[in-house]
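Just so we're on the same page: letters track the sequence lines, and every chain starts at 1. Any value given below was found using the heavy atoms of this structure, including those in side chains, with hydrogens, waters and symmetry copies removed.
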Protein chains: 2
Amino acid sequence: MVTQMDVARRAGVGRRTVSNVVTGFPYVSKDVRERVLRAIEELGYVPNRAAQQLRTGRSGVIALTVPEVGVGYFGELGNLVVEEAAARGLGTVVAQTRGSREREITEIERLLALQPDGVIMSPLGLTAEDLAGVSARTEVALIGEHFVGSPIRTIAIDNAAAAGDIVTHLVQSGREHIAFLGMSAASPNFNQLRRRGYLEALERHGIAPVAAVEARDFTSADGYDAGAVLAARLAEGAQLDAVFCVTDEVAIGAMRALHDAGLRVPDDVAVAGFDDIVEGRYANPRLTTVSPDKREIARQAVAAVLGEPADDAQIAYRLELRESTTGIVQPA
Amino acid sequence: MVTQMDVARRAGVGRRTVSNVVTGFPYVSKDVRERVLRAIEELGYVPNRAAQQLRTGRSGVIALTVPEVGVGYFGELGNLVVEEAAARGLGTVVAQTRGSREREITEIERLLALQPDGVIMSPLGLTAEDLAGVSARTEVALIGEHFVGSPIRTIAIDNAAAAGDIVTHLVQSGREHIAFLGMSAASPNFNQLRRRGYLEALERHGIAPVAAVEARDFTSADGYDAGAVLAARLAEGAQLDAVFCVTDEVAIGAMRALHDAGLRVPDDVAVAGFDDIVEGRYANPRLTTVSPDKREIARQAVAAVLGEPADDAQIAYRLELRESTTGIVQPA
DNA sequence: TTGAAAGCGCTAACAT
DNA sequence: ATGTTAGCGCTTTCAA
């Protein structure tokens, strides 16, 4: 193994100087820096992480848990977190929890054994207590899910407000019978917030909610099933001209079900989602949705676990009004 | 931070003794061991991995790359590798490559930066040269893919033999027009081996191969498309009574396409796959397939990257003869 | 701007 | 069966 000392000898400088070059310490003459760099190159020197970690107390690795990696919203977000961390010279180790509390706990234990500098989580089943246990052991930041009263840093948009905005858009484009398609009360917080935003917005506009259809979970399959129920009700004469879905994936499933039932989106029923996943941009019709600033979420989450002070409380979002509610086709 | 020294003081023993207890060194009296364990418990001592790594030269982490995590064959295999590693006290960091050479390279770089004790790969796009570069930097074991002439340890079943066996089963159950459904020549090695096994078996039985249908890739969607082509040919009068698919996922897609075209599996066309993924056991009809000993693959892969001597050259497999070729329903 | 040297927490060779 | 001790490779304080 090539050590710093080898490099120092080769470059004819002291060890300290090599360290300075490696860590980017500014006061090194250009000449010396180049000599060191060349020696590093020639020797194929790679800093030993264990030694760095032992010395600095930082492992240079952060951990990330998501329900599902490489799929949908959390997949996209996960990639951004990995990117953001890499840009800061940090490695990211990812665990997939499938949203069950049990798996979330096992996976967290696995990750913690690696002694990461911090962990970013998107908990779906974890309790506030579980979380407190974790945050006693390492820096924690939460993405998406809020735990009211918990001191843990959470990075999220204002879910209720965003849901309200999209419902308002539906109302303003003339829809009068708007259903919410999501989970019931006993569900992750974000689902409840989006549902509440929907209810409050309807109330503001003096419109009665349509009897809710419950999705079992957040997959497109669940959306399809719920969408089929909706279509059946419509066939029986129920009043319905818009559906606000708790996530894009659910919305995409619902659109397919409506289409299969011979209904046109948005002509017969407008459909809106939430999260702005890539699939929604290429769906047919293109899906109207709430687009959170994912890159900013990733940035702040990484900053948060590194203990940097929070800059903004809330993440920005904007409405992506597309074909599935407006009927207007725009380039992706 | 609680150190070994703190524990030693608390337990009234030397540091060496604490180390002995932690690392499972045998010669510690029961009495002392318990005292140390209690002190560890009371103090909440956790060994510092960086220090361990610096001392031993091992990071206690292995890396794993798979095309897709948590899905299908590689997902199942990945979980087994993680389990096997955990049983040996090793952490596993996983990367998802999506099968492209480019991603495979970036992901490997990311993993290598973590300085793992070894990496287990399922390369799909990597060249033998790429691989040589990696294996110069760390211990490498390959799963599934063979690189002829490469010195890198490969854990795999005899793909050609297994493919031959399943084709023989098809022949022996009276099928005479057997198609291969997989990728073309320019494809990962395992695809070519399975294809070759199919051709050689047919030749042994004196049966001519049916004009091949090419699948773009290894997903169920690809299988569906290819299956649809097959169904169309059949409708035009082509002779066909069995399909051997390069993977279970392709087979599942193909079965759906055949079913959609009004064909009965296995009455009209028998379908066999390869890999024995869980979905195949619950497919309708249940899928006949080659079942490699996945747990043994995982075990040997982990052993290989740890530099343990190879015990067997080849992994065992067996045929799972199920409904999709036999027509006989058996419990899953 | 660079050198010398201490020490991060741990394991294992050596000694007892 | 247990204690003593020398580093593993690195960063960083102190001094020059």
Within residues 19-34 of chain A or reaching into it, pairs that qualify as salt bridge (Lys or Arg N to Asp or Glu O under 4.0 Å) - sequence neighbours excluded: none
Is there any salt bridge (Lys or Arg N to Asp or Glu O under 4.0 Å) pair reaching into residues 98-114 of chain B, and which pairs are they, with sequence neighbours excluded? Glu68(B)-Arg98(B), Arg101(B)-Asp130(B), Arg103(B)-Glu107(B), Glu107(B)-Arg110(B), Glu109(B)-Arg137(B)
Keeping to residues at least two apart or across chains, list the side chain to side chain donor-acceptor pair (under 3.5 Å) pairs with something in [range].
range: residues 39-54 of chain A; value: Arg10(A)-Glu42(A)
range: residues 70-95 of chain A; value: Glu76(A)-Lys294(A), Glu83(A)-Arg295(A), Glu84(A)-Arg88(A), Arg88(A)-Glu308(A)
range: residues 113-123 of chain B; value: Ser59(B)-Asp117(B)

Under 4.0 angstrom between [X] side-chain N/O and [N] OP1 or OP2:
X: Gln53(A); N: dG9(C); answer: no
X: Thr17(B); N: dG3(D); answer: yes
X: Tyr27(A); N: dG3(C); answer: no
X: Gln52(B); N: dG9(C); answer: no
X: Ser19(A); N: dC10(D); answer: no

Rounded to the Å, how far apart are [X] [atom1] and [N] [atom2]?
X: Met1(A); N: dC8(D); atom1: CE; atom2: P; result: 12 Å
X: Leu43(B); N: dG9(C); atom1: CG; atom2: C1'; result: 15 Å
X: Gln4(A); N: dC10(D); atom1: CD; atom2: P; result: 5 Å

Given axes from five pairs at either end, by how many degrees does the helix from dT1(C)-dA16(D) to dT16(C)-dA1(D) bend, rounded to 10°?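 Between the axes fitted at each end of the helix from dT1(C)-dA16(D) to dT16(C)-dA1(D) lies an angle of 30°.
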For nucleotides 14-16 of chain C, print each protein N/O atom paired with a nucleotide N/O atom at under 3.5 Å, atom names and distance only.
{"residue": "dC14(C)", "atom": "N4", "partner": "Arg16(B)", "partner atom": "NH1", "Å": "3.2"}

Using heavy atoms to find the nearest nucleotide of DNA chain D for Val22(A) and Asn20(B) separately, return the residue whose nucleotide is more 5′. Asn20(B)
For DNA chain C, which residues in residues 28-37 of chain A have a heavy atom at a distance below 4.0 Å? Val28(A), Ser29(A), Val32(A)
Checking Phe74(A) now: which residues fulfil ring pair (Phe, Tyr, Trp, His ring centres under 6.0 Å) with it, not counting sequence neighbours?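 Counting only residues at least two positions away or on another chain, Phe74(A) forms no ring pair (Phe, Tyr, Trp, His ring centres under 6.0 Å).
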Looking at every strand, decide which applies to Met5(B) at a 4.0 Å heavy-atom threshold: base, sugar-phosphate, or nothing. nothing
Could I get the full list of side chain to side chain contact (heavy atoms under 4.5 Å, CB included) partners for Thr138(B), not counting sequence neighbours? Leu112(B), Val119(B), Val134(B), Val140(B)
Under the rule for side chain to side chain contact (heavy atoms under 4.5 Å, CB included), what residues qualify as partners of Ser150(B), not counting sequence neighbours?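 By the side chain to side chain contact (heavy atoms under 4.5 Å, CB included) rule, Ser150(B) matches Phe147(B), Ile152(B).
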What pairs meet the ring pair (Phe, Tyr, Trp, His ring centres under 6.0 Å) rule with one or both residues in residues 5-30 of chain A, with sequence neighbours excluded?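 Non-adjacent pairs meeting ring pair (Phe, Tyr, Trp, His ring centres under 6.0 Å): Phe25(A)-Tyr27(A).
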Exceeds 12 heavy-atom contacts within 6.0 angstrom, atom CZ of Arg58(B): no
